[in-house]
Structures are given as structure tokens and as C-alpha cells.
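Quick notes on the structure that follows.
Both backbone and side-chain heavy atoms feed into the values below; hydrogens, waters and symmetry mates do not. Since the model is a prediction, treat every value here as computed from it, not as a measurement.
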Amino acid sequence: MRSVVVLAVAMLIGPAAHTVAAAASETPGCTLASGQIAAVARVLSPQSLLLADGREVLLSSILAPVGETAGSDSQSWAPEREAREALEGLVRDNAIEISPTGLKIDRYGRSIAHVFAVGGGKRLWLSGALVESGNARVDASNSDGACVPDLLLRETGARRQRAGLWQNPVYAIRSAANTRDLKRLFDSFQIVDGRIAAVALIKSRVYLNFGDNWRWDFTAGVTLPKGTERDQITLKLKALQGRRVRVRGWVEPRNGPFLSINNLDAIELLDP
């Protein structure tokens with residue numbers, strides 16, 4: 001994951017929250033390096049591939065639906081099944097090109113990368129295609145930040161069209177004001193909208209408080225890096241007080257509902 005130091009200058013890209021891509025593009029609007037060509041042995045999950053050489057690759061910057069987190073199993077949970085089938089269709093009869101990210105390897109030994117399906121003179125970005133078709137959400141924690149704004153555009157379009165998983169209320173955007181709802185969603189990945197009531201710096205973390213009382217209201221916490229960039233990032237985050245934002249990540253109990261942010265791409269500014 002790219003540190004918040006690197007992302008500080010590019011944080012909070014407002015237009016991504018307001019603009020929808022006019023048409024699907026096969027390649028991202030951001031710049032990705034060309035990579036190694038490989039063959040797929042099989043699809044392991046809606047966002048991971050087993051290569052013919054035995055390596056496993058996890059698609060960067062997205063989170064595909066998983067039945068287990070919705071209280072179901074993989075075979076009976078339609079969003080997971082449909083996402084897997086979508087990925088299988090994208091790589092079927094195609095080679096893939098692996099564009100490496102700064103993340104390299106996850107804790108399960110999988111290479112984290114942007115992957116393209118290549119064949120017939122075409123080059124299709126898998127993460128972008130899955131998000132655009134509503135078969136995945138953007139996950140900034142699984143990203144080096146290179147293409148998150150592009151993916152957010154695609155996600156906004158898919159959500160407005162109620163494509164794929166966006167038809168399912170399990171994946172609805174949550175209100176930061178509805179703490180009762182958020183408390184039911186502990187240990188799940190959520191996208192939360194709200195207006196920041198207060199910003200507080202405590203030790204090495206900036207807390208974005210979405211209510212008057214941090215003891216039970218929703219809070220997002222941004223872990224700060226060491227060094228001189230820390231003050232710059234803190235000032236940017238303090239400037240969010242009173243602004244409406246959208247944050248994403250895993251909700252956990254810490255006083256009230258809490259969401260930890262280690263990558264500033266997880267914050268979208270919704271105010272014009």
C-alpha cells in the first residue's frame with residue numbers, strides 16, 4: 001500500500017464524486033507500466049487468478065463480493081457467483097499482462113497487480129472492467145493509489161445504473177449518522193457518507209468525527225507517517241471539518257463504529 005506521504009498531494013479528488021465516465025474504456029485513464037505476459041490456469045476467486053506457472057495474482061484496488069461476509073456461502077451468494085463468472089469470461093481464451101504495483105506481495109503470498117486481458121488486438125483492464133460492471137467495489141487499502149480516481153468514476157457510474165452488486169441492499173452506501181445501522185455491520189467492508197463534525201489529532205492519528213460525541217458516533221481514523229510530511233497531511237485533514245465526505249474500509253467497534261484509513265484514497269470529497 002502506498003503510504004499517506006506519497007498520496008498527500010493527490011488526496012481528495014472532488015470531481016470523481018460528481019462525474020461519470022461517458023463510456024467504458026479498455027485501458028485506465030491513469031498510467032500503468034507494461035508488464036509480463038502470462039497464462040491463466042484458473043480463476044481462484046472473483047478477484048484472484050492462478051497462473052500456469054503456479055503463481056497467484058490478486059487484482060489491485062478492488063474488493064469483489066464474498067458470500068461469507070454477507071452471511072452466506074460462495075455458491076449460493078449471487079453477487080459472488082456473478083463476479084466470479086464475470087472474471088472467468090474476461091480471461092477466457094486470453095493471455096494476461098501483469099502490471100506490477102508497489103504493493104508486490106500480500107500476506108497470503110499473492111502478487112498484487114493491475115492485470116490486463118490481452119487477445120485479438122485488445123487490452124482490457126480487469127479491475128476497471130469488474131468495477132464498471134458492478135462486480136466489485138473500489139478498495140483503496142488494496143492499492144498503491146495509481147488508478148483509484150479512475151476506478152471511483154467507474155464505480156459511480158455502475159452504482160447510478162444499479163449494475164451488479166449495486167442492486168443488492170447489502171452493498172448500499174451507509175449514512176454516518178445511522179450508528180445503529182453501522183453497529184450491525186462490524187467486521188464488514190462499508191462505504192460511508194457523512195459530514196465531518198470535528199477533526200482531532202491524537203498522537204500519530206487524525207480522527208475524523210462524524211458526530212458530536214466520539215464515544216458512540218461514527219469515526220474514521222487516519223494513521224499518520226513519521227517525518228515532515230505529517231504536518232502537511234494533518235492540515236489537509238483538518239480542512240475537512242464541516243465538509244461532506246465518503247470514506248470506505250472495514251468497520252470495527254472502537255467506542256462507536258470506527259473505520260481505519262491507511263490510504264488517503266479512501267476519502268472522497270463530496271462537497272463541490
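A continuous path of Ile, Leu, Val, Met, Phe, Trp and Tyr side chains, each step under 4.5 Å between heavy atoms, connects L49 with V118, placing both in one hydrophobic cluster. Hydrophobic clustering keeps W216 apart from W214 (ILVMFWY residues linked when any side-chain heavy atoms are closer than 4.5 Å, directly or through intermediates). Residue F116 is grouped with residue I37 when hydrophobic side chains (ILVMFWY) are merged at heavy-atom distances under 4.5 angstrom, including chains of intermediate members. One hydrophobic cluster holds both L208 and L201 under the rule that ILVMFWY side chains link at heavy-atom gaps under 4.5 Å. L240 and F258 are not part of a single hydrophobic cluster, where members link through side-chain heavy atoms under 4.5 Å apart.
N209 places no side-chain N or O within donor-acceptor distance of the main-chain N or O of G211, the cut-off being under 3.5 Å. Of the possible donor and acceptor atoms, one in the side chain of D217 sits under 3.5 Å from a partner among the backbone N and O of D212. The main-chain N or O of A33 is found under 3.5 Å from a side-chain atom of S99 such that the two form a donor-acceptor pair. Distance alone, capped at 3.5 Å, places no donor-acceptor pair between the S60 side chain and the I112 backbone.
When each of L165, I173, V131 is paired with R159, the side chain to side chain contact (heavy atoms under 4.5 Å, CB included) condition holds for I173 and for no other. Just one of L59, L130, L90, L151 meets the side chain to side chain contact (heavy atoms under 4.5 Å, CB included) condition when paired with W125; it is L151.
At least one side-chain heavy atom of S111 sits less than 4.5 Å from a side-chain heavy atom of I105. No side-chain heavy atom of L50 sits under 4.5 Å from any side-chain heavy atom of V40. Between S175 and V192 there is no side-chain heavy-atom pair separated by less than 4.5 Å. By the 4.5 Å heavy-atom criterion applied to side chains, L51 and I96 are counted as neighbours. In this structure, L63 and W250 have side chains that are in contact, with non-hydrogen atoms separated by less than 4.5 Å. Taking the side chain as every heavy atom from C-beta outward, R230 and S204 approach each other to under 4.5 Å. Annotation: side chain of R137 is in contact with side chain of I191 (closest heavy-atom distance under 4.5 Å). No side-chain heavy atom of L269 sits less than 4.5 Å from a side-chain heavy atom of R246.
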>> Pair V251, D187 - check side-chain contact (heavy atoms from CB on, under 4.5 Å), show working.
In response: CA-CA 6 Å; V251 179; D187 300 319; over 6 Å; no
> Under the side-chain contact (heavy atoms from CB on, under 4.5 Å) criterion, do L44 and E56 qualify, and how do the steps go?
Replying inline: CA-CA 9 Å; L44 293 174; E56 293 184 21; 3.6 Å; yes
>> Apply side-chain contact (heavy atoms from CB on, under 4.5 Å) to residues L264 and I233 and explain how you reach the verdict.
In response: CA-CA 9 Å; L264 294 183; I233 295 169; 4.2 Å; yes
> Stepwise, does the side-chain contact (heavy atoms from CB on, under 4.5 Å) test hold for V138 with I62?
Replying inline: CA-CA 4 Å; V138 180; I62 67 170; 5.8 Å; no
>> Checking S188 against Q190 for the side-chain hydrogen bond (donor to acceptor under 3.5 Å, both in side chains) test, could you report, in this order, the C-alpha distance in whole Å, the side-chain angles of both residues, the deciding distance, and whether it holds?
In response: CA-CA 6 Å; S188 68; Q190 299 296 330; 2.9 Å; yes
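Looking at every heavy atom in both residues, W166 comes nearest to Y171 through CZ3-O, 3.2 Å. Between F210 and T219 the shortest heavy-atom distance is CD1-CA, 4.5 Å. Across all their heavy atoms, A140 and A266 have their closest contact at CB-N, 3.6 Å. The two residues V199 and I196 come nearest to each other via the heavy atoms CG2-CG2, 3.8 Å. The two residues P65 and P79 have their closest heavy-atom pair at CG-O, 3.4 Å. In this structure, P257 and F186 approach most closely via the heavy-atom pair CA-CE2, 3.8 Å.
In this structure, D231 has no salt bridge (charged side-chain N to carboxylate O under 4.0 Å, His left out) partners at least two apart in sequence or on a different chain.
Within the model, atoms CG of N168 and CH2 of W77 stand 4.5 Å from one another, a figure rounded to the nearest 0.5 Å. In this structure, CG on L126 lies 11.0 Å from NE2 on H114, to the nearest 0.5 angstrom. Distance check: R205 CZ to T223 OG1 gives 4.0 Å after rounding to the nearest 0.5 Å. N263 CG to S143 OG: the interatomic distance, rounded to the nearest 0.5 Å, is 6.0 Å. Rounding to the nearest 0.5 angstrom, the gap separating the CD atom in Q47 from the CG atom in N135 is 11.5 Å. In this structure, N94 CG and L124 CG are separated by 8.5 Å, a value rounded to the nearest 0.5 Å.
A salt bridge links R84 with E88: at least one charged nitrogen is closer than 4.0 Å to a carboxylate oxygen. One finds a salt bridge joining R248 and E268 here, because a Lys/Arg side-chain nitrogen approaches an Asp/Glu carboxylate oxygen to under 4.0 Å. Ion pairing between R154 and E132 holds under the 4.0 Å rule for side-chain N and carboxylate O. Between R174 and D193 there is no salt bridge, since none of the side-chain N atoms of the basic residue sits less than 4.0 Å from a carboxylate O of the acidic one. Note on R244 versus D271: no salt bridge recorded, every NZ/NE/NH1/NH2 to OD/OE distance being 4.0 Å or above. A salt bridge between R123 and E97 is present, with a side-chain N of the basic residue lying under 4.0 Å from a carboxylate O of the acidic one.
Around CG of D53, the count of heavy atoms belonging to other residues, nucleotides or ligands within 6.0 Å exceeds 12. Counting heavy-atom neighbours within 6.0 Å of R162 CZ, excluding the residue itself, gives a total of 12 or less.
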